[in-house]
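Below is one structure, written out as C-alpha cells; the observations come after it.
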Amino acid sequence: MYLALANQTNRSTASEFIFRAFSIVPEIQHLLFTFFLLLYLSIIFGNVSIIWVACTDHSLRTPMYFFLGNLSGLEICYTTVVVPQMLASVLDAHRTIPFANCGIQMFFFLALGGTDCFLLAVMAYDRYVAICHPLRYPLIMTWKVCTWLVIGSLIVGLVLSLELTVLIFTLPFCGHQPQINHFLCDVPPVLRLACADTHLHQTVLFSVGVMVLTIPFLLICISYVYIVAAILRISSTSGRQQAFSTCSSHLTVVFIQYGCCSLVYLRPKSDSSEDEDRQLALIYTFVTPLLNPLIYSLRNKDVKQALKKAIWGTAEPKAC
C-alpha cells in the first residue's frame, strides 16, 4: 500500500518535459535549425506583407481583405507560439520545457489553431454573401458584423482550448522528465505520457476536434455548394473566371489546413502513429502559414497589384 502511494506521488510530480530530438548528429541539428529558422522568417515576412497591404491600400478596405489580414495575424501568432521553443530544442537536445510552460503553449496553440479554422469558415460565408447576394452584401457584411465574427471565432477557440488544456493537465505523468515524441506540447503526444486512464480525455479531444474541424468544414462545403451554383448561372465567362479565382485561393488553404488537422485529431488512437503525427504537424505549423500569403498573393489579382504598388511606391523615392 505504501509503495503504491509512493509510486503514484512520484509519477504525478513531473515538473518538466523534454522533447524528442529530430537528430542527435550536431551537423544535422544545425542544418535543421537553419532550415526551420528560414521558414519561420519567411512566414513572418509573407504574412506581415499581407497585413501591410490590407491596412495601407484603400482598394483593399473590404471585409474579404479584413478577414485575410486577421488570418495572417493569426498565422504569425500561431507559429510564434511553437517555433522559438522548437528552435531552442533543436539546438539543445537536452533542453526541457517546464510543466506550466507546456500547458501555456498547448493552450495558445489550440486556441489560435481553433480560431484559424473558424475564421476560414467565416471567410467562406463572406464569399457566399458576396457572390450569392451581391446587392445585399454591404448591408449584411458591415464592419460591425465582420469585427464580431472575428471576435466570436477567437472567443470560441479560447473557450474550447481552455477546457481541453485544463482537462489534460489534471492528469499525472510518468517519470521525472517525460519525453514528448513531438516538437511542441500538442494534445495527442502529451496524452500518451499520462499514467492514468485517458478514455474520457480522448473522448473530449474527439468532441472538440469535431466542433473545431468537422462543423466549420461542413459549413464551408454548404457555402461553396451555393457559391458554385451561383457562379454557373453567371453568363459572362470572364465573370465566372473572376469568381472562381477569388474562391480557389481560399479553398486551397481550407483543404490543406483541415486535411492535415483531421488526420491528427480525428483519427482513432489505434490508427495513429507518433512519427506520422509529428510529420503532419510540420505541415500545419510551417507549410500552411507559409502557403497562405503565397496563395493569396499569387492567385489574387488585387493583392498582386497592391504589392506591386507598395514596392514601386517605396522604390521610387530611392531612385530620385
Side-chain angles (χ1 to χ4, degrees), residues 16-52 71-99 101-110 112-113 116 175-193 252-253 255-265 267 272-298 307:
E16 56 190 9
F17 295 100
I18 187 168
F19 295 112
R20 181 180 174 183
F22 283 95
S23 172
I24 58 173
V25 181
E27 290 77 9
I28 295 179
Q29 284 180 298
H30 293 147
L31 285 174
L32 287 172
F33 176 85
T34 305
F35 177 66
F36 289 138
L37 178 61
L38 290 175
L39 282 179
Y40 178 60
L41 294 176
S42 300
I43 290 168
I44 299 296
F45 175 77
N47 284 286
V48 166
S49 300
I50 294 293
I51 296 172
W52 181 39
L71 181 67
S72 293
L74 272 176
E75 300 290 14
I76 292 172
C77 297
Y78 179 76
T79 53
T80 301
V81 166
V82 176
V83 178
Q85 173 66 43
M86 176 187 179
L87 292 175
S89 299
V90 170
L91 277 184
D92 182 6
H94 302 289
R95 187 182 182 90
T96 60
I97 180 170
F99 190 83
N101 290 7
C102 187
I104 292 170
Q105 185 187 58
M106 180 183 289
F107 168 72
F108 282 107
F109 176 75
L110 295 175
L112 294 170
D116 199 318
H176 174 60
Q177 287 184 343
Q179 186 183 67
I180 303 175
N181 187 13
H182 214 294
F183 56 85
L184 65 97
C185 289
D186 202 358
V187 178
V190 172
L191 265 182
R192 290 188 179 101
L193 302 177
T252 304
V253 173
F255 284 121
I256 295 173
Q257 176 84 359
Y258 283 86
C260 294
C261 291
S262 297
L263 288 174
V264 173
Y265 295 103
R267 271 193 309 180
S272 63
S273 161
E274 293 184 8
D275 292 331
E276 287 179 3
D277 287 353
R278 186 157 72 155
Q279 291 163 8
L280 288 168
L282 285 172
I283 296 176
Y284 58 74
T285 302
F286 285 100
V287 178
T288 307
L290 181 62
L291 285 180
N292 280 356
L294 290 176
I295 291 170
Y296 280 109
S297 60
L298 294 177
L307 286 170

Subject >> Partner set under side chain to side chain donor-acceptor pair (under 3.5 Å) for S72, not counting sequence neighbours >> reply: N47

Original post:
Which pairs, with at least one residue in residues 34-43 and sequence neighbours excluded, count as a side chain to side chain donor-acceptor pair (under 3.5 Å)?
Top reply: Y40-T80

Subject >> Under 3.5 Å: donor-acceptor pair, side chain of Q105, backbone of V81 >> reply: yes

Subject >> Check: I97 and E16 side chains under 4.5 Å, non-hydrogen atoms >> reply: no

**OP:** Spell out, as yes or no, whether a donor-acceptor pair under 3.5 Å connects the side chain of S262 to the backbone of G259.
**Re:** no

Original post:
Quick one: are L282 and F183 in side-chain contact, heavy atoms under 4.5 Å?
Top reply: yes

**OP:** Grab the two heavy atoms, one from T288 and one from Q257, that are nearest each other, plus how far apart they are.
**Re:** CG2-OE1, 3.2 Å

**OP:** Kindly write out the residues that satisfy disulfide (SG to SG under 2.5 Å) with C261, not counting sequence neighbours, or none if the list is empty.
**Re:** none

Subject >> Student check: side-chain heavy atoms of F286 and I43 closer than 4.5 Å >> reply: yes

**OP:** Determine whether the aromatic ring centres of F36 and F22 lie less than 6.0 Å apart.
**Re:** yes

**OP:** Could you check whether the rings of F109 and Y78 sit parallel, tilted or perpendicular, using 30° and 60° as the cut-offs?
**Re:** parallel

**OP:** Working to the nearest 0.5 Å, report the span between CG of L39 and OG1 of T285.
**Re:** 11.0 Å

Original post:
If you take all heavy atoms of M106 and C185, which pair is closest and at what distance?
Top reply: CB-O, 3.2 Å

Original post:
So do the side chains of F17 and N101 get within less than 4.5 Å of each other, counting heavy atoms only?
Top reply: no

Subject >> Spacing of CD1 belonging to I283 relative to CG belonging to L291, to within rounding of 0.5 Å >> reply: 10.0 Å

Original post:
Of all residues at least two apart in sequence or in a different chain, which pass the side chain to side chain donor-acceptor pair (under 3.5 Å) check with D116?
Top reply: none

Original post:
Taking the side chain as C-beta and beyond, is there a heavy-atom pair between L87 and L91 under 4.5 Å?
Top reply: no

Subject >> Partners meeting side chain to side chain donor-acceptor pair (under 3.5 Å) with E75 (sequence neighbours left out) >> reply: N292

Original post:
Pairs in or reaching into residues 17-45: which pass salt bridge (Lys or Arg N to Asp or Glu O under 4.0 Å), with residues at least two apart or in two chains?
Top reply: R20-D275

Original post:
So do L71 and I50 actually touch side chain to side chain, heavy atoms under 4.5 Å?
Top reply: no

Subject >> Flag, side chain of Q179 to backbone of I18, donor-acceptor distance under 3.5 Å >> reply: no

Original post:
Heavy atoms, side chains only, cut-off 4.5 Å: are I180 and C102 in contact?
Top reply: yes

Original post:
Say you draw a straight line from CG of L41 to CG of L290; how long is it, rounded to the nearest 0.5 Å?
Top reply: 11.5 Å

Original post:
Do L32 and I28 have side chains that get closer than 4.5 Å, going by heavy atoms?
Top reply: yes

